[in-house]
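Order of listing sets the numbers, starting from 1, for every ligand and every atom in it.
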Amino acid sequence: MAFLVPHLAFFTPQSGGSPNAEEINSLYKITLYFALVIFVVVEGALGYALWRFRKRKGAVAAQIRGNTRLELGWTIGAALILVILAGLTFAKLSSIQDPSNSGPEGDRLAAQEGTLYATAAKHLPPNGSSLNINVIGRQFIWQFVYPGQNEPDGLGAPYSYEELVVPTETTVTLDVVSADVVHSWWIPALGGKVQAVPGYHSYTWFKIPRPGIWRGQCANLCGRGHARMIATVKAVPPAQFDAWLAYQKKLIAEANADAQASRAKLAQQVGAGQVENP
Ligand SMILES: [Cu+2]
């Protein structure tokens, strides 16, 4: 069986981006190993019986009516396997659902930018601080709104489309909503799917240990542009994230200034409906 292990990656969930994805992957593998052993035993017994008791001249098939010991055996055995798998699943469930604390570098960002409230549905790390990002699904693009709503610069929260930039080592909690129809947020290597349902909030989290890019895509058929509704998560070191966020704010400030200049120009024009010559 050991030679099978390297090939199992093909059949098991993507992982490697976040601790919750690791836990989902290991839980999947445990169930897969049980299933593989049962598959080999059952198919082996079937194959053996087919070969050993194949049709031969003069052979008369034995007529067997029940075998209490065997039947009790496989009923209790199957029930036992179910109990073991259910027990393991519940034991691992909390590490999938509940975020862990940020690493030492990431903690500063989480504490400074994060939310400090929890609801029954929203799970926070034990120390209560995470970098909370709002994920808005809309036909047909993902929008990400970062913390910064209440900063004195008056610019509002910075945002991006399609690419979610996050700091490494930081526990990132996602608040997933939809602006129109049901979408599904899924970056396989970063954990399970969550649906974005209009009128509801869904929550998930991840903590990415090292810089890298993780890809995913809307996992719920949401209209004719569904196939183009891709998402990328780009993890960068915390200092680089700070710089990126500052740059987004600068771009927003510049766009605001441009808009203000255009409005001032329009206001100077006289007469209703009069426009500048191109
Ligand atoms: Cu969608």
Rounded to 10°, how many degrees is the angle SG/Cys218-the Cu ion (ligand 1)-SD/Met229? 110°

So which of the N, O or S atoms of His183 lies nearest the Cu ion (ligand 1)?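 Atom name returned: ND1.
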
For Arg54, does the CZ atom have more than 12 heavy-atom neighbours from other residues, nucleotides or ligands under 6.0 Å away?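 Counting other residues, nucleotides and ligands, CZ of Arg54 exceeds 12 neighbours.
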
Between Glu71 and Asn67 (side chain of the first, backbone of the second, donor and acceptor by atom type, cut-off under 3.5 Å), is there such a pair? yes

May I ask you to decide if the ring planes of Trp51 and Tyr48 are parallel, tilted or perpendicular, using 30° and 60° as cut-offs?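 Because their plane-to-plane angle lies in the 30° to 60° range, the rings of Trp51 and Tyr48 count as tilted.
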
Please state whether the rings of Trp185 and Phe144 are parallel, tilted or perpendicular, taking 30° and 60° as the class boundaries. perpendicular

Would Cys222 count as a contact for the Cu ion (ligand 1), in the sense that one of its N, O or S atoms lies under 2.8 Å from it? yes

